[in-house]
There are 2 protein chains.
Amino acid sequence: MLGSQNDMGQMPEPPAPSDGSSLTAHVYDVISEMLLSGALKPGDRMSLRGLAEQLGVSVMPIRAAIGRLAARGALTVEPKRAVTVPVLRRDEFRDLTRNRIHLESWAAALAAQSGMEAVPLRAAEQRFRSALSRDEAASAVRANKALHFHVYAAARSPVLTELVTIMWLKAGPIINLDLGERSRRSRHAASAESHARLVAALLRGDAETASEALAHDIHSAAEFILSRDILPD
Amino acid sequence: MLGSQNDMGQMPEPPAPSDGSSLTAHVYDVISEMLLSGALKPGDRMSLRGLAEQLGVSVMPIRAAIGRLAARGALTVEPKRAVTVPVLRRDEFRDLTRNRIHLESWAAALAAQSGMEAVPLRAAEQRFRSALSRDEAASAVRANKALHFHVYAAARSPVLTELVTIMWLKAGPIINLDLGERSRRSRHAASAESHARLVAALLRGDAETASEALAHDIHSAAEFILSRDILPD
DNA sequence: GCTTTGCAACTGTGATCCCAGTTTTATGGC
DNA sequence: GCCATAAAACTGGGATCACAGTTGCAAAGC
């Protein structure tokens, strides 16, 4: 066991930078990022004490952060059992995908109507393509997330962004499942095509095409997952 | 100060019935219901210790429940200040309303397509009209919520229902603001008309009309709030 | 009478201990 | 060797204490 709090054992990120002035916020960000990036897989188990030691804090901030994630449906915490990353059945994943398409394609339409600045949008798309060409899966995942949420922010609807975030927390562990480098690369390549159509439509204010392109992006990624026999049921 | 835990002081509801086998779940339900029913108004302040004494539990379950509500945007908890019910500005309320219309009217369309059983649906509507005629505001609010979520459940989309629930937690304190008996009654009467159109459309599988009726219900209630000068900005 | 200042009460946050279930591991019986 | 069984390790939930900011009230100064 480690000594008292803040033992500086091997905590990955010191609470100093980017810390939301609260240990709970920091822990929330760390676990949230692990979910969104696919570092946590469906069914993965974690314990409060284990995470506490790992992150170099006591169990209290861990509990609070886990509770918040659980409230958003990103984690499952059964009465006296280990905290787990939810395992979605096929129909649950389909339901999630349907809602993602409905909300995120709408967000794309709103963004197109509001108008977007070309430079940062193209830069975000370029960062994704660049990570793709350099074959860096992890940074491609980050760039993909950044591009999508850049669009959602342009919809100028905080509520919508929040709802989409909640769905991403649920979908992250499944969408970013590492199914081998080959398939991941081809999936990202398909995504790049959707992105190109999306960006072009957004810049010319074509709400309908932007909406359709984003829907296609989500749909094809989901179909890829469903085509493999990964999800139960 | 009360004695030790479970002091049986004046706790409103004993943790025994309907308790989700966890004090936190019970506290969550209680506060959630207070938000949805308008018992809590925007800007209302509450303290962990105050709630703990009031509900007859220690601060721990209160903290967990508050944290979960805050994660869903239903409560605001600033670093070292009192927990408050969020005060939405006009534009924030408009944004929330727009998203509610987009999601809830879609849910109504899905419910119409799935088909609904006539008896329980008509019963739910009747309970609202009955509470209305008996002039019982509180039970009209409950019946209204029950009717709406009866429809959303029929959409058979757990994710959608969850997202809608989150938005109701945000809107509850504003929508159910007590602006005097007269205006509340006329607002509920207007709602009854929308409900009639909604129920009829649902039962004949008319997705478009059902969607439109629900959108109108939300829109008119929101316009009523906006017409008064209650929200800041 | 009005402003300013300081102290006291109150706020959420975090740490630590304890408890009652769960899960796993090892042990004993066959 | 295999299965039932018990004990040890581990799980989250809750209570309590300590702490550092915030808020508000009251007394002092002018």
Side-chain angles (χ1 to χ4, degrees), chain A residues 1-9 11 14-16 19-31 40 43-71 73-86, chain B residues 1-9 11 14-16 19-31 40 43-71 73-86:
Chain A
M1 161 188 178
L2 294 179
S4 55
Q5 87 276 15
N6 290 347
D7 179 278
M8 276 291 178
M11 74 179 120
D19 186 353
S21 79
S22 123
L23 287 179
T24 297
H26 172 67
V27 172
Y28 180 93
D29 289 342
V30 170
I31 301 178
L40 289 172
D44 273 3
R45 289 156 47 147
M46 49 216 301
S47 80
L48 301 188
R49 292 168 179 83
L51 282 171
E53 186 169 343
Q54 203 173 334
L55 299 181
V57 300
S58 83
V59 300
M60 277 298 312
I62 304 285
R63 272 213 320 209
I66 295 283
R68 283 171 59 176
L69 262 336
L75 289 177
T76 299
V77 37
E78 296 171 90
K80 289 272 165 67
R81 228 153 319 161
V83 176
T84 62
V85 179
Chain B
M1 161 187 180
L2 294 179
S4 55
Q5 88 275 17
N6 290 346
D7 179 278
M8 276 291 178
M11 74 180 118
D19 186 353
S21 80
S22 125
L23 287 179
T24 297
H26 172 68
V27 172
Y28 181 92
D29 289 342
V30 170
I31 301 178
L40 289 172
D44 273 3
R45 288 155 49 144
M46 49 214 302
S47 80
L48 301 188
R49 291 167 178 84
L51 283 171
E53 186 170 344
Q54 203 173 333
L55 298 181
V57 299
S58 83
V59 300
M60 277 298 311
I62 305 284
R63 258 219 284 199
I66 295 283
R68 282 171 60 177
L69 263 335
L75 288 177
T76 299
V77 37
E78 297 171 270
K80 290 268 164 67
R81 228 155 316 161
V83 176
T84 62
V85 179

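To find a chain, count down the sequence lines: A is the first, B the second, and so on, and within it residues start at 1. Worth saying up front: this structure is predicted, and the values here are computed from it rather than measured.
- If you take CD1 of Ile62(A) and P of dT11(D), they are 13 Å apart, rounded to a whole angstrom.
- Atom CD of Glu53(B) and atom P of dA9(C) are 16 Å apart (whole Å).
- Across all their heavy atoms, Gly73(B) and Pro86(B) have their closest contact at O-CG, 4.0 Å.
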What's touching nucleotides 10-13 of chain C from the protein side, N or O pairs under 3.5 Å?
{"unit_1": "dT11(C)", "atom_1": "OP1", "unit_2": "Ser47(B)", "atom_2": "OG", "d": "3.2"}
{"unit_1": "dG12(C)", "atom_1": "OP1", "unit_2": "Met46(B)", "atom_2": "O", "d": "3.4"}
{"unit_1": "dG12(C)", "atom_1": "OP1", "unit_2": "Leu48(B)", "atom_2": "N", "d": "3.4"}
{"unit_1": "dG12(C)", "atom_1": "OP2", "unit_2": "Leu48(B)", "atom_2": "N", "d": "3.0"}
{"unit_1": "dG12(C)", "atom_1": "O3'", "unit_2": "Pro79(B)", "atom_2": "O", "d": "3.1"}
{"unit_1": "dG12(C)", "atom_1": "N7", "unit_2": "Arg49(B)", "atom_2": "NH1", "d": "2.9"}
{"unit_1": "dG12(C)", "atom_1": "O6", "unit_2": "Arg49(B)", "atom_2": "NH2", "d": "2.9"}

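- With sequence neighbours excluded, the residues forming a side chain to side chain contact (heavy atoms under 4.5 Å, CB included) with Ala65(B) are Thr24(B), Val27(B), Tyr28(B), listed by chain and number.
- Residues forming a side chain to side chain contact (heavy atoms under 4.5 Å, CB included) with Ala82(A) (at least two apart in sequence, or on another chain): Arg45(A).
- Residues satisfying the side chain to side chain contact (heavy atoms under 4.5 Å, CB included) criterion with Ala70(A), sequence neighbours excluded, are Val77(A).
- Going from atom CG of Leu55(B) over to atom P of dG14(D) covers 13 Å, rounded to whole Å.
- Two residues, Val59(B) and Arg45(B), neighbour DNA chain D, and the one matched to the more 5' nucleotide by heavy-atom proximity is Val59(B).
- Between Met60(A) atom CE and dC17(C) atom P the separation is 15 Å, expressed in whole Å.
- Every salt bridge (charged side-chain N to carboxylate O under 4.0 Å, His left out) that Arg81(B) has, sequence neighbours left out, goes to Glu78(B).
- Separation of atoms CD1 (Ile62(A)) and CG (Leu23(A)) is listed at 9.0 Å; rounding is to 0.5 Å.
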